[in-house]
Protein chains: 2
Amino acid sequence: MRSHYCGQLNESLIDQEVTLCGWVHRRRDHGGVIFLDLRDRDGIAQVVVDPDTPDAFANADRARNEFVLRIHGRVRSRPEGTQNPNMPTGMIEVLAKQVEVLNTAATPPFQLDEHGRVGEEVRLKHRYIDLRRPEMIDKLRLRSRISHSVRAYLEGQGFLDIETPILTRATPEGARDYLVPSRTHEGHFFALPQSPQLFKQLLMVSGFDRYYQIAKCFRDEDLRADRQPEFTQIDLEASFVDENDVMVITERMIRQLFSEVLEVELRDFPRMPYAEAMRRYGSDKPDLRIPLELIDVDDLMKDVDFKVFSGPANAEDGRVAALKVTGGARLSRKEIDEYTKFVGIYGAKGLAWIKVNERAKGLEGLQSPIVKFMEGIVDALLDRVGAEDGDIIFFGADKARIVNEAIGALRVKLGEDLNLYTQPWAPLWVVDFPMFEADDAGRLAALHHPFTAPSCSADELKANPARALSRAYDMVLNGTELGGGSIRIHDQAMQRTVFEVLGITQQEADEKFGFLLDALQYGAPPHGGLAFGLDRLVMLMTGARTIREVIAFPKTQSAACLMTDAPGEVAADQLKDLHIRLRQKAKASSE
Amino acid sequence: MRSHYCGQLNESLIDQEVTLCGWVHRRRDHGGVIFLDLRDRDGIAQVVVDPDTPDAFANADRARNEFVLRIHGRVRSRPEGTQNPNMPTGMIEVLAKQVEVLNTAATPPFQLDEHGRVGEEVRLKHRYIDLRRPEMIDKLRLRSRISHSVRAYLEGQGFLDIETPILTRATPEGARDYLVPSRTHEGHFFALPQSPQLFKQLLMVSGFDRYYQIAKCFRDEDLRADRQPEFTQIDLEASFVDENDVMVITERMIRQLFSEVLEVELRDFPRMPYAEAMRRYGSDKPDLRIPLELIDVDDLMKDVDFKVFSGPANAEDGRVAALKVTGGARLSRKEIDEYTKFVGIYGAKGLAWIKVNERAKGLEGLQSPIVKFMEGIVDALLDRVGAEDGDIIFFGADKARIVNEAIGALRVKLGEDLNLYTQPWAPLWVVDFPMFEADDAGRLAALHHPFTAPSCSADELKANPARALSRAYDMVLNGTELGGGSIRIHDQAMQRTVFEVLGITQQEADEKFGFLLDALQYGAPPHGGLAFGLDRLVMLMTGARTIREVIAFPKTQSAACLMTDAPGEVAADQLKDLHIRLRQKAKASSE
């Protein structure tokens, strides 16, 4: 029905006849002539309709915004002075010979140009209109290109695209499952997978050697700002590999992706042990675009006459860390108060600081509510952090966990507020994670998941689980975890040891993961893999502000679709077929 | 960890050192030397372990079937007389220098060579072992190649890969939905999509122009032999197209796929109206590999003195059809009795037949229980079907629906039993479907779905819905429907008319499909598309006997996964979170 997309028109087509199909983006009368901006997924072309072609003119005259038209006409240069070099098609226009109205349009609930004036709710309800915005089409188009590039790379590396089930058994990620009642097995439920983890391990046991899938995953969690109940992973697994193999393969994938899709050449990703990341950045997903670092000053603070500092400095689980911001002495009292509030979100009880106005003047040259306690160590402190005139130093002093979270977050916020970025893209690998983390009651949980292989023997693991490291690795980009993976346990005895350390009884393990434990005894190869969050990757690569911008039909934070009005009510006999009833409404339902 | 896959070894590598990883497929001692057949996804290589390398020998000696080994050694020619030209690696072997046991294996529940001796249940329970069979790996590998080829083609044609939701609202296909209770919206349920139909139409309304997705779909139906509760569609939709455009694009896709993956060059697909397919083959998915055709003989039978024939011949909804089988006179009475039973499955009350032994002898030369009734018309009848000596003619006489189903199925069965195939692949398009089909009570239902555009005006549709044709098209291959699609309704008024004809009230339509009706009024482009059943396509292309062979982790006919034991029981507090309870076990649950 068309010869070209609107956005494809350019000066090489001058004097040629073209047929376009698209939507009226704007329409204006000017000097008895109608100008239509016709929009399709590739761009916008200007169409001129003259009263000399009366049928075409009559149809153009009827057309309103978002009418669907088919235009046949001749490409010509725009007259001098009306050219728009900022627009790809801005040097030409189409003089219409025929204008056909393919469909009319009621006045839309919002004009595309004015989407910012309506709330996100209105736009989500009329998602099919919001998706017409060129930015939205471009983002989803880029997403399609990203999926394509990833697939092409992985298939080139011998990975087979294998689908794993959506209707399955509860998986072990630990978040809440979405459940699906079974009609044929009364009282039984499927769970939607939180990841294809166990299936991909079984595929390795089967000898598929290299598996990948762009897979839907599901978590029924209270949604933080940027989570969705269903999300997409680039999931892969390989046999007869070690952690370096997996990191090399997937790092190349991401570098090729950035090169192909964004024309950005990323350098080799540094690899940083978890302990170093926590020490220097207070985070296991440090944003390395920001040059600020946490600096340990515990040793200096052990004997100061200020309990807030000396307490944590002397406690085994305490930490006192400084964060120097070059030029930060210009921050106002009000701004510092804001940052104090900000670190409070992470549990910090306050935010100590020292402004270095004139270091040469000694204490006189410093401005700070706390410096009076530090007379004896202030020079050593300023030397330690390399403070110069005009700098500010912030301090965190508390349990290490709180200091890391609070000052780590402050570091990122300062980087953003003061635009301290040194580079647009800062990827890295974080490695050497602990196997387990302890909660406040000392109970151990797997830091990744219980199928992650330790880098020590089973005996060492049992002897000192808290210090055991795993063979896991996370890829981090600009402070966001893009993906995580590990070498898995392929030995049944080791797998049982890890369950034991986690306090999972043998019976429980057999009940939940019996099929995996079974599989491990029939010749499981060494294997490992990784899963990337595709939505987040696309978000970073398109510069979107929320994950909802890179998903065609997203859900709200209460896990609803405003457009289709899902979830919805269902008929009582449907529930009866599924052997369930509503708790509250049981009495009212027609049984 | 490896230098080559086992299957990659050949004579070009002679005298080179290689490292292989894989499973012990077979192990035998022969003259003090151990022979290991090492298997990986690419094939099997013979490894020879000599007592001269004592460490390697000791490990090889320990190894049992399905042990996971890493072998380092030198490729050499097999000695004269031990070569196996039927095996890709049959001219060479690897003399091992090192044999490393990467994992042991307990005796598997069945040996791969002997999978036929255990029931499908055992193999589904230990699916990870069954998948080790080279045929299974090859089938899933071909599936991966098929997905790849389809994606490459569609992306080359400008189709964007866009994901649509899995947690959504009940969709209109009419089968039973899988439901997912919502935790955050009490008493409400998501449905898993039976297809992305409405979402892809909305993407067209948004201007994405060309969409595709390899999409998971779900139907909670009683499973016939070859259905799965979750299945995969190649789903696509395009704007500003007519039926010919969609057929040309997708026919090329399938032809390219067969060429790339199977090296089969399919010819142009014929297009056959639905009415012709029913008349000539009694089916809307005729298997054109079989040269038999149904031939109408109603006119000849109107006045015969045999009610079984003259009744349907004179009834408006009746049909009398003949099916001539060349050389079929050799069928035994017992075989004919079997076919009579067979057509009974489809509701036929009997199966009349005439064997043409010697046509020149007139009635004498015919053998038949019914020929006595046909004296006057038998010559015309034999001429009509072109009967020659040695042929048999079968007859169906009943309501047209029953004749079509019974004789259509008989045609396919005869084709199979007598191996009448004239070609390995016989694709075609079936077009010009009726819009609606009436049930016995005369209630109309959409033959495809209610978003299919009619090929007539709304007025004509309302005036005579039973005779209205749609703009739908099905692609059929070897008697299997590979895919179906249509041009959709893009006009709200027409959509409302179709709902009205279907007896759907305006309120009901707004409740169920309000968002689509809404979208149609804001500038919906003309659009259409198609969905292929990927599982079935792969099944045909791999020659698999069931759909379960081309799905990595399939479910049984009662919709269970024997490996993971899904669906499973869940804890009472999980149900409480979801605001539901079990019907029967409500009293017992811990509330």
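Per chain, numbering begins at 1; letters A, B, ... match sequence-line order.
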Tell me, for [X] versus chain B, whether the close heavy atoms (under 4.5 Å) come from the side chain, the backbone, both or neither.
{"X": "A:Leu520", "value": "backbone"}
{"X": "A:Leu534", "value": "side chain"}
{"X": "A:Val241", "value": "backbone"}
{"X": "A:Asp577", "value": "side chain"}
{"X": "A:Arg39", "value": "neither"}
{"X": "A:Gln574", "value": "side chain"}
{"X": "A:Phe553", "value": "both"}

**OP:** Please lay out, stage by stage, how A:Asp565 and B:Lys512 fare under the test salt bridge (charged side-chain N to carboxylate O under 4.0 Å, His left out).
**Re:** CA-CA 10 Å; A:Asp565 209 13; B:Lys512 278 191 175 166; over 6 Å; no
**OP:** Start with the C-alpha gap between B:Leu179 and A:Leu578, add the side-chain angles, then the distance that decides, and say whether side-chain contact (heavy atoms from CB on, under 4.5 Å) holds.
**Re:** CA-CA 9 Å; B:Leu179 297 181; A:Leu578 300 174; 3.7 Å; yes
Taking all non-hydrogen atoms of both residues, which atom of [X] and which atom of [Y] are closest, and how far apart?
{"X": "B:Phe208", "Y": "A:Ile137", "answer": "CE2-CA, 3.9 Å"}
{"X": "B:Ala566", "Y": "A:Thr168", "answer": "CB-C, 3.7 Å"}
{"X": "B:Leu102", "Y": "A:His490", "answer": "O-NE2, 3.5 Å"}

Highest number of heavy-atom pairs under 4.5 Å with chain A: which of [options]?
{"options": "B:Gly568, B:Pro567, B:Ser182", "value": "B:Pro567"}
{"options": "B:Ala152, B:Pro554, B:Gly158", "value": "B:Gly158"}
{"options": "B:Pro229, B:Pro108, B:Gly207, B:Ser147", "value": "B:Gly207"}
{"options": "B:Ala552, B:Pro181, B:Ala524", "value": "B:Ala524"}

Original post:
Counting heavy atoms not belonging to B:Lys139, are there more than 12 under 6.0 Å from its NZ?
Top reply: yes
Original post:
So A:Arg183 and B:Asp222, salt bridge (charged side-chain N to carboxylate O under 4.0 Å, His left out) or not? Walk me through it.
Top reply: CA-CA 10 Å; A:Arg183 181 174 55 84; B:Asp222 296 313; 3.3 Å; yes
Subject >> All side chain to side chain contact (heavy atoms under 4.5 Å, CB included) counterparts of B:Glu230, not counting sequence neighbours >> reply: A:Pro165, A:Ile166, A:Leu167, B:Lys216, B:Phe218, B:Lys555
Would you mind checking which part of [X] comes under 4.5 Å of any heavy atom in chain A, side chain (CB onward), backbone (N, CA, C, O), both or neither?
{"X": "B:Leu112", "result": "neither"}
{"X": "B:Leu516", "result": "neither"}
{"X": "B:Gln521", "result": "both"}
{"X": "B:Cys21", "result": "both"}
{"X": "B:Thr564", "result": "both"}

Could you check whether any side-chain N or O of [X] sits under 3.5 Å from a backbone N or O of [Y], counting only pairs where one atom can act as donor and the other as acceptor?
{"X": "A:Asn103", "Y": "B:Pro526", "result": "no"}
{"X": "A:Trp23", "Y": "B:Gly523", "result": "yes"}
{"X": "A:Arg132", "Y": "B:Val205", "result": "yes"}

So do [Y] and [X] actually touch side chain to side chain, heavy atoms under 4.5 Å?
{"X": "A:Glu163", "Y": "B:Leu140", "result": "no"}
{"X": "A:Tyr128", "Y": "B:Leu203", "result": "no"}
{"X": "A:Glu66", "Y": "B:Tyr522", "result": "no"}

Gap separating the [atom1] atom of [X] from the [atom2] atom of [Y], nearest 0.5 angstrom:
{"X": "A:Ser239", "Y": "B:Arg2", "atom1": "OG", "atom2": "CZ", "answer": "7.5 Å"}
{"X": "A:Glu569", "Y": "B:Phe189", "atom1": "CD", "atom2": "CZ", "answer": "10.0 Å"}
{"X": "B:Arg133", "Y": "A:Ser206", "atom1": "CZ", "atom2": "OG", "answer": "11.5 Å"}
{"X": "B:Phe190", "Y": "A:Asp220", "atom1": "CZ", "atom2": "CG", "answer": "8.5 Å"}
{"X": "B:Asp518", "Y": "A:Ile129", "atom1": "CG", "atom2": "CD1", "answer": "8.5 Å"}
{"X": "A:Ser558", "Y": "B:His185", "atom1": "OG", "atom2": "NE2", "answer": "3.0 Å"}

Original post:
Which one of A:Ile551, A:Val180, A:Thr184 has the most heavy-atom pairs closer than 4.5 Å to chain B?
Top reply: A:Val180
**OP:** Find the one option among A:Arg176, A:Arg141, A:His126 whose heavy-atom pairs under 4.5 Å with chain B are most numerous.
**Re:** A:Arg176
**OP:** Please assess B:Asp161 against A:Arg143 for the test side-chain contact (heavy atoms from CB on, under 4.5 Å), listing each intermediate value before the final yes or no.
**Re:** CA-CA 8 Å; B:Asp161 180 4; A:Arg143 181 176 180 132; over 6 Å; no
Subject >> Working for side-chain contact (heavy atoms from CB on, under 4.5 Å), residues B:Asp209 and A:Tyr5 >> reply: CA-CA 10 Å; B:Asp209 205 73; A:Tyr5 283 105; 2.5 Å; yes
Subject >> Derivation and outcome, side-chain contact (heavy atoms from CB on, under 4.5 Å), residues A:Leu202 and B:Met563 >> reply: CA-CA 11 Å; A:Leu202 292 172; B:Met563 183 185 71; 3.3 Å; yes
Original post:
Which one of A:Arg145, A:Arg41, A:His148 satisfies the side-chain contact (heavy atoms from CB on, under 4.5 Å) criterion with B:Leu160?
Top reply: A:Arg41
